[in-house]
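Below: one structure, written as structure tokens.
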Amino acid sequence: MEDHVKIFDTTLRDGEQSPGATMTAPEKLEIAKQLARMGVDIIEAGFPAASTGDWEAVHTIARLVGTPDGPVIAGLARANRADIERCWTAVRPAAKPRIHTFLATSDIHLEYKLRMSREQVKATVREMVAYARSLCEDVEFSPEDAGRSDPQFLHEVLAIAIEAGATTLNIPDTVGYLTPEEYGALIRGIRESVPGADRVTISTHCHDDLGFAVANSLAGVRNGARQVECTINGIGERAGNAALEEIVMALHTRPQFYGVGTRIDTTQIARASRMVSSITGLPVQPNKAIVGANAFSHEAGIHQDGMLKHHLTYEIMRPETIGKDSSLVLGKHSGRHAFRKHLEQLGYELSDGEIETAFRRFKDLADKKKIVDDRDIVALIDDQLHQPAPIWVLEQVQVSCGNTAIPTATVRLHGPDGEVRTDSAQGTGPVDAVYKAINRVVGQPNVLTEFSIKAITEGIDAVGEVTIRIEEEGNGNGNGHDHPGGDPDRRESRARTYTGHGVHTDIIVAAAFAYMGALNKLIAARQERMRRKAASYTEANTPAFAMDLFGNSAWGRDV
Ligand code: KIV
Ligand code: ZN
């Protein structure tokens with residue numbers, strides 16, 4: 001397929017700017033691998049100048065996922081030398097690196113945010129795009145808030161970016177303000193009026209504030225855009241970005257109308273959606289197009305009757321096209337070999353040890369639940385793969401509760417230095433009692449900000465999946481999830497959030513595992529911060545600068 005729409009996935013950058021969608025570096029790597037498996041053309045892996053953690057995540061993805069036949073790995077950079085340089089060092093190990101630099105062009109941003117004149121913006125774009133191009137052959141430029149920019153000025157800036165060496169021009173509707181007709185006309189205007197526009201790829205980048213992100217992106221494609229920036233499940237700043245799965249399936253399902261497709265392996269969509277939801281802790285609404293739990297369910301009798309006669313009566317896509325086939329049923333008599341084979345078909349590449357653990361969990365589940373289908377298996381495996389390295393391990397949890405009893409929980413935990421500790425607590429309910437008992441052992445102050453529970457399948461014996469979020473008490477963030485247009489220093493003042501998941505047929509046990517996962521992430525992040533602090537302290541305290549707590553150097557004088 002010569003002419004195709006490139007899918008630029010920004011789940012790890014714009015998507016991570018969703019409130020609370022913090023991801024650790026290993027989680028980002030896992031998502032990047034799934035995006036590569038799905039065949040996305042470009043992965044925007046992060047904003048390297050935002051924090052050391054962001055730089056490291058982008059660098060790791062560039063090294064491990066940016067293979068010669070893998071996707072382009074892009075990093076975001078504001079239009080200044082320091083950001084661009086930092087971005088380049090992070091994406092450089094990729095076989096196909098890209099620097100994505102941006103500067104706002106709307107009068108509102110120029111006046112209130114940047115305090116720059118139009119002439120200054122033009123000069124900066126010329127200089128910074130040329131600088132990025134001197135480092136990297138593949139340079140994308142975005143005029144932030146293009147949707148509210150004066151079209152004449154926007155065209156001038158874009159022409160300068162092309163002259164300076166940009167290879168992709170991305171047109172963000174940063175605040176999700178435009179309608180599909182307006183956004184389509186904006187793309188058409190750029191293609192028709194900007195000198196050199198035929199030599200570069202025009203890209204869409206639409207936010208969903210008015211619910212138009214997907215419609216606007218597709219209007220862009222209809223008017224000649226050949227790259228779409230989007231995120232899995234449409235996660236992102238405020239109302240989110242255009243949803244990758246909706247864009248891809250619209251192009252896939254309506255080829256005559258759009259006349260152009262993508263290179264995405266659509267059968268990987270369901271898994272990507274589940275993975276992102278499970279890692280970020282952002283649930284997918286049941287009626288969400290393509291990936292919602294009900295997207296392929298038929299409830300009304302008349303629909304069910306039609307479906308039984310022919311699926312085309314009420315279905316425009318098959319669930320298996322997006323990898324949502326739950327037809328295979330395994331039971332407690334299924335063997336290791338069938339289980340391993342089935343995991344491979346689901347797209348998992350697991351080590352022998354991981355398969356062994358998964359098989360044990362599957363057998364335990366099959367003992368409790370009559371029918372185990374793909375939804376159960378995917379939930380178990382994702383849960384197993386997404387658990388952080390254990391610092392504290394929950395060995396036992398026991399609860400007594402009821403309408404006349406005071407909920408009381410006892411927990412036994414295995415600690416980092418090998419000790420085993422037991423404690424009990426009472427709470428307003430069984431989950432509260434369990435969390436309080438765990439807190440008594442672990443002693444890490446935090447606030448529970450979200451608790452959600454859902455059944456993986458139908459039926460009274462269904463597996464329950466608990467997702468929770470906790471915030472570290474005190475402030476500070478350092479996770480680099482502020483909007484890139486903002487001041488990176490502000491990141492330090494946002495509360496740190498950690499998600500946890502637990503999967504079990506007993507929802508109290510699932511809730512306990514979810515809490516342990518979030519707590520272990522919190523502790524690991526704290527340890528990592530202390531490690532970095534210690535390292536920078538050692539670096540700064542070379543003999544010439546060695547000083548004690550009172551500011552006296554090792555030689556008894558102030559330095
Ligand atoms: O929404 C936006 O304007 C962006 C740019 C940085 C591309 O995310
Ligand atoms: Zn954006």
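First listed ligand is number 1; within each ligand, the first listed atom is number 1.
- Under a 4.0 angstrom heavy-atom cut-off, Arg13 registers as being in contact with ligand 1.
- The ligand atoms of ligand 1 that sit less than 4.0 angstrom from a heavy atom of Pro172 are 2 (C), 3 (O).
- Only the side chain of His205 comes within 4.0 Å of ligand 1, counting heavy atoms alone; its backbone N, CA, C and O stay farther away.
- Classified by interplanar angle (parallel below 30°, tilted 30° to 60°, perpendicular above 60°), the ring pair His59/Trp55 is parallel.
- On a distance-only criterion, Thr174 and ligand 1 share at least one N/O pair closer than 3.5 Å.
- Taking the Zn ion (ligand 2) as reference, Asp14 places its N/O/S atom OD2 nearest.
- For the pair Glu472 and Lys521, the salt-bridge criterion is not met [side-chain N within less than 4.0 Å of a carboxylate O].
- Counting the atoms of ligand 1 from 1 in the order shown, those under 4.0 Å from a heavy atom of His207 are 1 (O).
- Because its NZ or CZ atom is both nearer than 6.0 Å to the ring centre of Tyr131 and within 45° of the ring axis, Arg81 counts as a cation-pi partner of that residue.
- A salt bridge does not link Arg148 to Asp173: none of the charged side-chain nitrogens sits closer than 4.0 Å to a carboxylate oxygen.
- Remark: side-chain polar atoms of Asp208 are paired, donor with acceptor, to backbone N or O of Ala213 under 3.5 angstrom.
- Below 3.5 Å of separation, one finds no N or O of Glu144 facing any N or O of ligand 1.
- A cation-pi geometry, defined here as NZ or CZ lying under 6.0 Å from the six-membered ring centre and within 45° of its normal, does not hold between Arg188 and Tyr183.
- Partners of His155 by ring pair (Phe, Tyr, Trp, His ring centres under 6.0 Å), not counting sequence neighbours: none found.
- The atoms of ligand 1 that sit less than 4.0 Å from any heavy atom of Asp14 are 8 (O).
- When rounded to 10 degrees, the angle formed at the Zn ion (ligand 2) by NE2 (His207) and NE2 (His205) equals 100°.
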